[in-house]
Every structure is written in C-alpha cells, then in structure tokens.
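To start, the structure under review is shown below, and the notes come after it.
Keep in mind the model is a prediction, meaning the values are calculated, not measured.
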Amino acid sequence: MRIVDVHAHFYPRAYLEILSRLIERDNTPWGRAVKLLLSSKINVDPRMVELDAHVEDMDRAGVTVQALSLSIPHAYFHDEADAVLAARAANDALAEACARYPNRFKAYAVLPLPHTGAALKELDRAVNTLGLHGMTLGANINGRHLDDEALLPIYREANHQRLAIFLHPMIPPGQEEMEQYDLSAAVGFLIDSTLATLRLVYRGVFEENPDMHFIVPHLGPYLLSAWARIGDSYRTRPEAKQFVNKPPREYLARLYYDSVNFHPGSWGLAMSTVGPEQIVYGSDYPFALGSMERPIDIINGLPITDEQRAAIFSGTADRILR
C-alpha cells in the first residue's frame, strides 16, 4: 500500500551553518533551548542531515514518500536579512532533495517570519519556482502569536493557492519553566500547537480561508481531549466570539490531524471526535524511536474500512499536497 508521511524532518547542512552562527551568543531561554536541541538531537544523528539514511529507513518501514520539513527552529529571526538568508538556504536544499529523489520526497517551504512581505515573496519563490508542495508554520514566532494582524496576508495567500500548511511546535511559551526535565518535549510542544490552532480558530483565520489545508501535528491531543471544554468556553465567554459566530468545533473538525501519537486511547478519542477522514499518516522521523513503524501498526489495527485506511495512509495527503 502507498504510504505518504506528512510529518518528517530534515535539516539542510547549509541551514544549520547559518543557524549555528546566528545563535552563537544567544543566551535567552529560546537560544539555550535551540543549542540544547542541536547538541543533543540534531548534530549527533546523521539521519537529520542525510537523505540516503531516510530512504533506507523508508524502504525498511514501507513508506513511499516523505514530506520533508524543518523541525525546531524555523528561520524566525528579528533581522529580516538573517531570516531571508536562512529560509532561502533551507528551501533551496529542500528543492534539491526533491529533485534528487522525485519519487520519494516532497517538501514544505519555510518562511522568513515575522517579516510578512519577505515571507510572501519567499512563499511564491518556493512554491511556484522551486516547486515545493506546501508550507510549514511554527506554532509561535519567537513568542509572537500566529493570529497577529500582520500575518493574516500569509493565510490569505495560502488559501488563494489552496496550499497545505503543516503546523509544527517551536520553542514553547513558558520555556523557562520547562527547561528542567526537558518538559518542553514532554508537554510544552503540544501546548504550543494547541494554543496556536485555537488562536487561529478564534481570530477567524479558518473561516476566512476555507480552501487552505491545515495539518495539526501529534493527533491534536489537547484539542481533542478538551473538545467539550473548548465549546463551553466559547459559549460563556464573549471575547471568544469577537471574530467568529460558529462554535470552534465547526472549524476544528475540518482540520487534518497527523498520526504522531502512540497512545491507543488517543486514537479512540480521535476516531470518535474527528473521524478517519481527517487523519493523515505522519511519523516525526527521525526524532521518535521506531516512529515510522509504530503509527503504521496502529492504523492497520483500526476498525475501519480498507478505503478509509488507504485515505489515512496516502489518499488524503496526495489530495492536499501539491
């Protein structure tokens, strides 16, 4: 069966060189977290930077295509020139990866945020010149919220082009409270994605832009487990209705949720809340141990039809990715 992985990571060496230079003297909680990630995860694992290693593991697991993206951090720098330099280096390398293995890789463009004008130019170049297949979006931009007024033109352009947007957590808000025990990896990343998605719901981004295809990572655990509470909050708090006049579930149910969650109970919740039509296969490779195989085994064990299973594995991804 064809399997398309919507959540797989690759760090171009050129991007890492720029990143290392830019964060060398950054001792903020954000900078410390990025340095720890580089030293403990990225720079010690050849799979982070080597495409051949990806292909070997894909063949072993039976994965047909990976949609590659940067993980933490994206090219989000206060200086516009730095952000543009890093984003272009990443997108050029991602395009080269797709050209080298045209049947094995797709890729999401990374944007030089929070610089909206530069981001729109780079999105056009990455998608319409380089041929990338969607865009990735960090759940916060060095603490700046995704529903910021200045960022709204990006969603309008993604909607105009009917692009897939793959959301991914960044260094989460409150990182200084989560440095010990690596609590950001345990729960902080999930909080980051949850807050970003809900802010976009309440700001009316999904209502205004119904033709973009938004993918929430990690099976949206806090969104789904808080489904009723989110609805109750909307009904009782007027500020939640400032930009939308429909309950949050009306928008959340239209989003896509990737399969990077290995807790069986979470799958029962996802199936009963949004259904198999909104779930897409993802692995978080190469970060999680056995990450490609574990969701495949879970999906193969679901009590669903063969058609629904095929849609999770590849049909939906083939439809929403360019």
Side-chain angles (χ1 to χ4, degrees), residues 6-7 29-30 33-34 69-78 80 83-84 86-87 90 108-123 126-127 134-175 184 187-218 220-224 226 230 233-234 239-244 248 250-252 254-258 320:
V6 303
H7 185 162
W30 181 89
V34 171
S69 62
L70 289 182
S71 184
I72 304 166
H74 284 188
Y76 299 165
F77 300 102
H78 296 298
E80 181 173 326
V84 170
Y108 302 103
V110 63
L111 304 183
L113 294 171
H115 315 286
T116 299
L120 289 170
K121 290 179 182 178
E122 181 60 15
L123 179 62
V127 172
M135 58 175 274
T136 185
L137 190 62
N140 74 84
I141 304 167
N142 292 357
R144 189 168 179 174
H145 299 309
L146 294 190
D147 62 324
D148 190 302
E149 179 81 21
L151 302 178
L152 298 184
I154 293 172
Y155 306 114
R156 294 171 185 141
E157 181 61 22
N159 185 73
H160 174 70
Q161 297 201 45
R162 298 177 178 265
L163 294 179
I165 298 180
F166 173 62
L167 181 71
H168 195 275
M170 293 288 103
I171 303 302
Q175 169 63 23
S184 56
V187 296
F189 295 157
L190 307 181
I191 294 170
D192 194 26
S193 297
T194 299
L195 292 175
T197 305
L198 283 177
R199 293 189 75 95
L200 294 176
V201 167
Y202 291 134
R203 186 57 180 79
V205 169
F206 298 121
E207 181 170 279
E208 181 186 355
N209 303 289
D211 292 328
M212 65 183 188
H213 309 291
F214 197 85
I215 303 172
V216 180
H218 306 114
Y222 295 163
L223 290 169
L224 302 189
I230 292 169
S233 176
Y234 173 78
E239 60 269 31
K241 303 176 182 179
Q242 182 178 359
F243 297 104
V244 292
E250 298 289 331
Y251 309 101
L252 294 172
R254 298 203 312 257
L255 308 183
Y256 300 96
Y257 299 83
D258 78 35
I320 67 177

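Contact of the Val244 side chain with the Glu250 side chain is not registered, since no non-hydrogen atoms from C-beta on lie closer than 4.5 Å. Counting heavy atoms from C-beta on, the side chains of Leu198 and Tyr234 never come closer than 4.5 Å. Under the 4.5 Å side-chain criterion, counting only non-hydrogen atoms from C-beta, Val110 is not in contact with Ser69. When side chains are defined from C-beta on, Leu252 counts as touching Leu255, because their heavy atoms get closer than 4.5 Å. With contacts defined as side-chain heavy-atom distances shorter than 4.5 Å, the pair Leu111/Met135 qualifies. Within the 4.5 Å cutoff, the side chain of Ile191 has no heavy atoms near those of the Pro172 side chain. Between Leu167 and Leu146, some side-chain heavy-atom pair lies under the 4.5 Å cut-off. For the pair Ser71/His168, a side-chain contact is recorded, criterion being any heavy-atom separation below 4.5 Å from C-beta on.
Remark: side-chain polar atoms of Asn142 are paired, donor with acceptor, to backbone N or O of Tyr76 under 3.5 angstrom. A donor-acceptor pair under 3.5 Å links the side-chain atoms of Thr116 to the main chain of Ala150, judged by distance alone. Not one N or O on the side chain of Asp211 forms a donor-acceptor pair closer than 3.5 Å with the backbone of Arg162. Counting only distance, with no hydrogens or angles, the side chain of Tyr108 and the backbone of Val6 share a donor-acceptor pair below 3.5 Å.
Salt-bridge formation is detected for the pair Arg203/Glu149: a Lys NZ or Arg NE/NH1/NH2 atom is positioned less than 4.0 Å from an Asp or Glu carboxylate oxygen.
Closest heavy-atom contact between Ile171 and Ala33: CD1-CB, 3.5 Å. Between Val127 and Gly134, the closest heavy-atom pair is CG2-O, 4.2 Å. Taking all atoms of both residues into account, the shortest heavy-atom contact from Trp30 to Pro73 is CZ2-CB, 3.9 Å. When all heavy atoms of Pro169 and Pro217 are compared, the pair lying nearest together is CD-CG, 4.0 Å. Of all the heavy atoms in Glu208 and Asn159, the pair that sits closest is O-ND2, 4.4 Å.
Heavy atoms of other residues, nucleotides or ligands lying less than 6.0 angstrom from NZ of Lys121 number 12 at most.
Just one residue in the list Tyr251, Tyr256, Phe214 forms a ring-ring contact (aromatic ring centres under 6.0 Å, His included) with Phe206, and that residue is Phe214.
Scanning for ring-ring contact (aromatic ring centres under 6.0 Å, His included) contacts around His218 gives His7, with sequence neighbours left out. In this structure, the salt bridge (Lys or Arg N to Asp or Glu O under 4.0 Å) partners of Arg199, at least two apart in sequence or on a different chain, are Asp147.
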